[in-house]
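These figures come from a predicted structure and were not determined experimentally. Along the sequence shown, residues carry numbers from 1.
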Amino acid sequence: LGHSLDLIQLLQDNVLDLVFSSIPLKRTGFVCEVFDTDRLTLVTGKGNNRYPDGIAQEQLGHIPYLMCNFALSDVGAFIRSLFPENYVFPLEVDNSSKLFHFLEEGVGYSFLPYKMVLPMLQSGRLEEVPLKDFTAPRVMTYLIYRQGYDVRRFLENRFDEEEL
């Protein structure tokens with residue numbers, strides 16, 4: 001997350017053969033297929049959750065929300081729609097990994113892909129905040145490559161058959 005545009009440009013410049021992206025590419029000569037889906041989850045540092053029974057949508061404007069700029073995706077539009085127009089986030093970053101330190105220290109809340117934060121949830125460094133009266137969209141990961149590129153051959157050269 002946060003590197004998709006750069007990766008797509010490298011693909012279009014023939015530097016890369018394929019990319020995994022959070023942003024789809026709809027361009028002639030390229031194939032874009034859904035590779036994985038994940039759920040978006042609201043997290044905060046362990047012991048920092050003021051809403052253990054869940055948070056309502058109207059309460060979001062009153063929390064210190066740390067924004068990862070997903071601006072070019074449906075997820076970004078969803079997150080921005082949860083807050084009042086012209087809302088100023090206390091922190092806004094362009095890459096989700098920059099949020100982990102702040103969250104672990106108990107500074108704010110943020111929506112992130114569940115699979116990305118699962119190890120931190122399991123280790124007790126972060127905790128999930130249940131959503132009460134709204135649901136979050138799915139996070140999509142796309143596999144993008146040039147038409148005619150043999151993706152199966154690429155994967156076979158990098159993984160054992162039983163892992164595919």
Undergrad: Under a 4.0 Å threshold between the charged nitrogen and the carboxylate oxygen, would Arg146 count as salt-bridged to Asp17?
TA: yes
Undergrad: Nearest 0.5 Å, what's the OG-OH distance between Ser21 and Tyr142?
TA: 8.5 Å
Undergrad: Identify whether Val93 and Val88 are in the same connected component of the hydrophobic contact network (ILVMFWY, side-chain heavy atoms under 4.5 Å).
TA: no
Undergrad: Calculate, to the nearest 0.5 Å, the distance between atoms OG1 and CE belonging to Thr37 and Met140 respectively.
TA: 6.0 Å
Undergrad: Would you list the pairs meeting ring pair (Phe, Tyr, Trp, His ring centres under 6.0 Å) in which at least one residue belongs to residues 80-100, sequence neighbours left out?
TA: Tyr65-Phe83, Tyr65-Phe89, Phe83-Tyr87, Phe83-Phe89, Tyr87-Phe89
Undergrad: If you define the side chain from C-beta out and look only at heavy atoms, does anything of Leu5 sit under 4.5 Å from Ile23?
TA: yes
Undergrad: Report yes if some heavy atom in the side chain of Leu143 is under 4.5 Å from a heavy atom in the side chain of Leu18; otherwise report no.
TA: yes
Undergrad: Looking at CG of Leu121 and CE of Met116, how far apart are the two atoms once the value is rounded to the nearest 0.5 Å?
TA: 12.5 Å
Undergrad: I'd like to know if Glu92 pairs up with Arg80 as an ion pair, taking the criterion as any Lys NZ or Arg NE/NH1/NH2 lying under 4.0 Å from an Asp or Glu carboxylate oxygen.
TA: yes
Undergrad: Indicate yes or no: at least one non-hydrogen side-chain atom of Lys132 is less than 4.5 angstrom from one of Ile55.
TA: no
Undergrad: Applying side-chain contact (heavy atoms from CB on, under 4.5 Å), run through Val19 and Leu10 and close with a yes or a no.
TA: CA-CA 9 Å; Val19 300; Leu10 290 170; 5.9 Å; no
Undergrad: Under a 4.5 Å cut-off applied to non-hydrogen side-chain atoms, are Leu40 and Pro137 in contact?
TA: yes
Undergrad: Measure the CE-OG distance between Met67 and Ser110 for me, rounded to the nearest 0.5 Å.
TA: 8.0 Å
Undergrad: Within the distance-only criterion (no hydrogens, no angle test), does the side chain of Asp38 pair as donor or acceptor with the backbone N or O of Lys115 below 3.5 angstrom?
TA: yes
Undergrad: Can you tell me how far the OG1 atom of Thr44 sits from the CD1 atom of Ile63, to the nearest 0.5 Å?
TA: 8.0 Å
Undergrad: Do Glu128 and Asn49 touch side chain to side chain, with heavy atoms closer than 4.5 Å?
TA: no
Undergrad: For residues 9-62, pull every pair meeting ring pair (Phe, Tyr, Trp, His ring centres under 6.0 Å), keeping only residues two or more places apart or in separate chains.
TA: Phe20-Phe35
Undergrad: Decide yes or no for Leu82 and Gln57: does some side-chain heavy atom of the first lie under 4.5 Å from some side-chain heavy atom of the second?
TA: yes
Undergrad: Under a 4.5 Å cut-off applied to non-hydrogen side-chain atoms, are Glu104 and Lys46 in contact?
TA: no
Undergrad: Just to verify, which of Val43, Val117, Val107, Leu112 counts as forming a side chain to side chain contact (heavy atoms under 4.5 Å, CB included) with Leu99?
TA: Leu112
Undergrad: How about Phe111 and Thr41: do any of their side-chain heavy atoms sit closer than 4.5 Å?
TA: no
Undergrad: In terms of side-chain heavy atoms, does Glu33 have a donor or acceptor partner in Tyr145 at a distance below 3.5 Å?
TA: yes
Undergrad: Quick check against the 3.5 Å criterion: does Ser22 have a side-chain atom that pairs as donor or acceptor with the backbone of Thr141?
TA: no
Undergrad: Let me confirm one number: the CG-CD distance from Leu103 to Glu127, rounded to the nearest 0.5 Å.
TA: 11.5 Å
Undergrad: Between the main-chain N or O of Asn48 and the side-chain N or O of Tyr109, is there a donor-acceptor pair closer than 3.5 Å?
TA: yes
